[in-house]
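The block underneath contains the structure these notes are about, expressed in structure tokens.
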Amino acid sequence: MTALPLSLATFTPESAPAVAPDALLGLYRRPSMELVRGSGVRVFDADDHAYLDFTSGIGVNALGYADDGVAQAMQEAALTGLLHTSNLYHTRPAARLAAELARLSSLDRVFFCNSGAEANEGAFKFARRWARELGGAAKHEVLGVRGAFHGRLFATLAATDRPKYRAPFRPLAGGVSVVERDLRTLEHVLDGEAVAALVVEAVQGEGGVRVLDPGYLGEVRELTRARHVALICDEIQCGLGRTGWMFAYQRAGIVPDLVTLAKPLAGGLPMGAVLMTSDIANAIRPGDHGTTFGGGPFVASVALHVLERLADPSLLAHVSETGEWLGEQLAALAARSGRVRAVRGIGFMWGIDVMQPAAETIRRALDAGLLVCSAGEFTVRLLPPLVATRAELSEGLSMLEAALA
Ligand SMILES: *Cc1c(COP(=O)(O)O)cnc(C)c1O
């Protein structure tokens with residue numbers, strides 16, 4: 001057996017002959033460069049050009065690239081030979097990871113799956129199962145709010161407020177829809193007997209990086225509790241440290257009935273999770289839901305390591321303090337440039353409303369050596385790795401400023 005390179009950070013892959021990516025389905029407009037390796041907060045293309053990555057693979061690579069701890073966790077997990085077992089059998093990593101997530105979130109039970117959309121689909125099903133015991137089959141509606149993004153599968157798309165994503169695929173799943181976000185509308189809608197669940201992101205990501213007010217979230221918690229409607233917090237993007245809080249809902253001092261996680265959970269390996277109260281869990285029977293891959297021992301072992309790192313109070317303090325500084329820097333940059341309409345965000349999650357389409361700024365930033373993404377047509381989104389230092393962030397901000405000029 002060939003040993004893994006001792007340090008991933010110094011590893012250079014052998015170059016393979018270039019292949020035109022023509023066989024890939026055309027869902028993305030990708031730039032022409034090809035990424036071949038990563039180290040810290042940087043990725044490198046086939047010509048060894050470095051790019052500072054302020055997308056983190058869309059909020060996934062919280063610990064950056066080539067992290068030694070993640071590499072070691074992968075190596076140890078691989079050496080057991082037990083990459084996958086199916087959920088027909090107990091394995092220790094999934095049990096330990098579930099216990100740790102329950103402890104950190106103040107919830108009770110955990111279901112593992114493989115992606116964000118899959119976690120939300122699971123949460124919708126669990127909420128409906130619970131609601132059916134309370135109010136019969138009539139109590140089944142799942143509601144998302146204005147600006148929401150919950151995934152691209154049929155039910156999650158129906159809870160997502162993006163006409164462009166939805167229109168070509170109608171009819172979407174029944175019994176799932178989007179409502180206005182304001183409290184008066186919500187109160188009115190939740191009074192209906194049919195509502196089983198309301199799903200919200202404490203910080204809306206794809207919807208333009210909108211930080212929901214803690215007071216608003218508190219009211220939403222009260223409204224849903226009083227009407228026996230399950231509150232689902234989608235923490236797939238804003239959760240696990242990105243806001244400086246382990247979970248973004250904790251900023252409002254609330255505990256939801258269900259929480260969904262994915263993006264950073266397993267350090268770049270695909271993994272999702274649904275966390276829930278024992279009330280919800282008690283309504284679920286064996287056979288109600290399932291997954292072949294979810295919570296396998298390899299991915300769960302890596303997630304255990306990632307979770308331990310993300311829950312470290314010193315990392316959360318770094319995100320919180322540096323995030324505040326980052327917000328100040330962005331506000332100053334916006335004032336200097338005169339080409340920014342608004343800056344919104346918290347922690348290491350920021351949106352910048354620009355005057356031309358965001359795609360233009362993203363392309364110019366790439367040319368300057370910085371990867372950023374969009375959150376809607378006119379919003380540039382920054383999701384740097386949580387381990388990024390002020391010096392690295394400053395470097396990226398200079399590139400962003402040049403791209404805006
Ligand atoms: C990315 C995202 C999802 C979907 O996750 P996938 O893994 O792409 O299915 C759902 N909700 C939020 C808030 C997200 O940011």
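What you see below is based on every heavy atom in this structure, not just the backbone, and it leaves out hydrogens, waters and symmetry mates. Both ligands and their constituent atoms are indexed starting at 1 by order of listing. None of the values given here were measured: they were computed from a predicted structure.
- Between Arg225 and Asp257, none of the side-chain N atoms (NZ, or NE/NH1/NH2) sits under 4.0 Å from a carboxylate O, so this pair counts as no salt bridge.
- With hydrogens and angles ignored, the 3.5 Å screen pairs a side-chain donor or acceptor of Arg344 with a backbone N or O of Gly208.
- For ligand 1, one of its N or O atoms has an N or O atom of Ala117 under 3.5 Å away.
- Distances from atom 11 (N) of ligand 1 to the heavy atoms of Asn114, Val200, Asp234 show the closest one on Asp234.
- Open room surrounds CD on Glu324; 12 or fewer heavy atoms of other groups in view lie less than 6.0 Å from it.
- For Glu206, no nitrogen or oxygen atom sits less than 3.5 Å from a nitrogen or oxygen atom of ligand 1, counting backbone and side chain alike.
- Ranking protein heavy atoms by distance to atom 15 (O) of ligand 1, first place goes to Lys263 NZ, 2.6 Å.
- In the model, Arg364 has no side-chain atom that pairs as donor or acceptor with a side-chain atom of Gln356 under 3.5 Å.
- Between the Tyr51 side chain and the Leu35 main chain, no donor and acceptor come within less than 3.5 Å of each other.
- Contact annotation: for Glu201 versus ligand 1, heavy atoms closer than 4.0 Å belong to the side chain alone.
- For the side chain to side chain contact (heavy atoms under 4.5 Å, CB included) test with Arg381, the passing option among Val372, Val209, Ile352 is Val209; the others fail.
- Interface atoms of ligand 1 facing Asn120, defined by a heavy-atom separation under 4.0 Å, are 10 (C), 11 (N).
- The N/O atoms of Gly116, backbone and side chain alike, include one that comes under 3.5 Å of an N/O atom in ligand 1.
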